[in-house]
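The block underneath contains the structure these notes are about, expressed in structure tokens.
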Amino acid sequence: MNPRRWIRSGVLRGLVALALAIAATPTLARQGAAPGKEQADDAAAFKQFGDRVQAYQKLQRAVESGLPALKPTDLPEMITAHQETLARKIREARPHAKAGDVFTPAACEAFSHASRSALAGPDSAKSRAYRQRGEADTRMRLAVNEVYPDAEPTTSLSPALLAAFPPLPVEVAYRVVGRTLVLLDVKSRLIVDIAERVLPPPS
């Protein structure tokens, strides 16, 4: 081959490769940036969720401080009476509470991402143990500011999900009903908020 032609051919190939690399750079940048943006958005959503949980915690403590203290007792009727009074007073303190006040849309997305990640992999069967026999009835009616039925079991999160979700103060706890995540007031058994279809479907 003519040396000059060989040089021109090599230069042309180099220019084509360079043009393809430049064209692909924005796509690769977007692909690389997507996970980082999602993580940042989820972190911000969890921060907002934590702030709203703290606001509820302050409200619950303020309401309970205005009630007669529950003295140590073995009488279930006394405990139930205090529980019902606390629930009623909290309900009166947040009369317009609705789904999404604590589990905001952004927080629901963050919980969905975290749960999918936590329930993936070789240990997913153990992580989905909360779906086994004895779990809460998925047909149960759930409503914010209503009391979680005493007759229904309270299904807790698996360790994998607990590790993936934001920690909670002792006044509230996560509960699971099917694919719905419930934020429950432990003392009054009042449903603080619900996030529907957050957990992945059964595999």
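Residue numbers count from 1 along this sequence. What you see is a predicted model; the values in this text were computed from it and never measured.
With values rounded to the nearest 0.5 angstrom, Asp185 atom CG is found 10.5 Å from Asn145 atom CG. Considering CZ of Phe103 and CG of Leu181, their distance stands at 4.0 Å, rounded to 0.5 Å. Here Arg175 contributes atom CZ and Ile194 contributes atom CD1; the two are 16.0 Å apart, rounded to the nearest 0.5 Å. Within the model, atoms CD of Gln57 and CG of Leu168 stand 10.0 Å from one another, a figure rounded to the nearest 0.5 Å. Between the NZ atom in Lys37 and the CG atom in Asp42 there is a gap of 10.0 Å [rounded to 0.5 Å]. Note that NE2 of His113 and CG of Asp41 are 9.0 Å apart. Values are rounded to the nearest 0.5 Å.
The closest donor-acceptor contact from the side chain of Ser65 to the backbone of Ala62 lies under 3.5 Å. Proximity of a side-chain donor or acceptor of Ser112 to a complementary backbone N or O of Cys108 within less than 3.5 Å is not detected.
Heavy atoms only, all atoms of each residue included: Ser188 and Ile90 are closest at OG-CD1, 4.1 Å. Across all their heavy atoms, Val177 and Tyr148 have their closest contact at CG2-OH, 4.0 Å. Taking all atoms of both residues into account, the shortest heavy-atom contact from Ile191 to Arg94 is O-NH1, 4.2 Å. Looking at every heavy atom in both residues, Gly100 comes nearest to Arg52 through O-NH1, 4.1 Å. Residue Glu64 comes nearest to Lys187 through the heavy atom pair OE1-NZ, 3.1 Å, listed as atom of the first residue, atom of the second, then distance. The nearest pair of heavy atoms linking Ser115 to Pro200 is OG-CD, 3.5 Å.
Val186 and Val176 fall into different hydrophobic clusters, where Ile, Leu, Val, Met, Phe, Trp and Tyr are joined by side-chain heavy atoms under 4.5 Å apart, directly or via other members. If you chain together hydrophobic residues whose side chains sit under 4.5 Å apart, Leu162 and Leu199 fall into the same group. Leu67 and Met78 are not part of a single hydrophobic cluster, where members link through side-chain heavy atoms under 4.5 Å apart.
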When you look at Glu84 and Arg88, which way does the salt bridge (charged side-chain N to carboxylate O under 4.0 Å, His left out) test go after all the steps?
CA-CA 6 Å; Glu84 291 175 349; Arg88 176 169 54 83; over 6 Å; no
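In the displayed structure, Glu196 atom CD is contacted under 6.0 Å by at most 12 heavy atoms of other residues, nucleotides or ligands.
Remark: Arg189 engages Asp150 in a side chain to side chain donor-acceptor pair (under 3.5 Å) (not counting sequence neighbours). Residues satisfying the side chain to side chain donor-acceptor pair (under 3.5 Å) criterion with Thr180, sequence neighbours excluded, are absent altogether.
With ring centers used as reference points, Phe46 lies 6.0 Å or more from Phe165.
In this structure, a donor-acceptor pair under 3.5 Å is absent between the side chains of Tyr56 and Asp101.
Using bins of under 30°, 30° to 60° and over 60° for the plane-to-plane angle, the ring pair Tyr174/Phe49 lands in the parallel bin.
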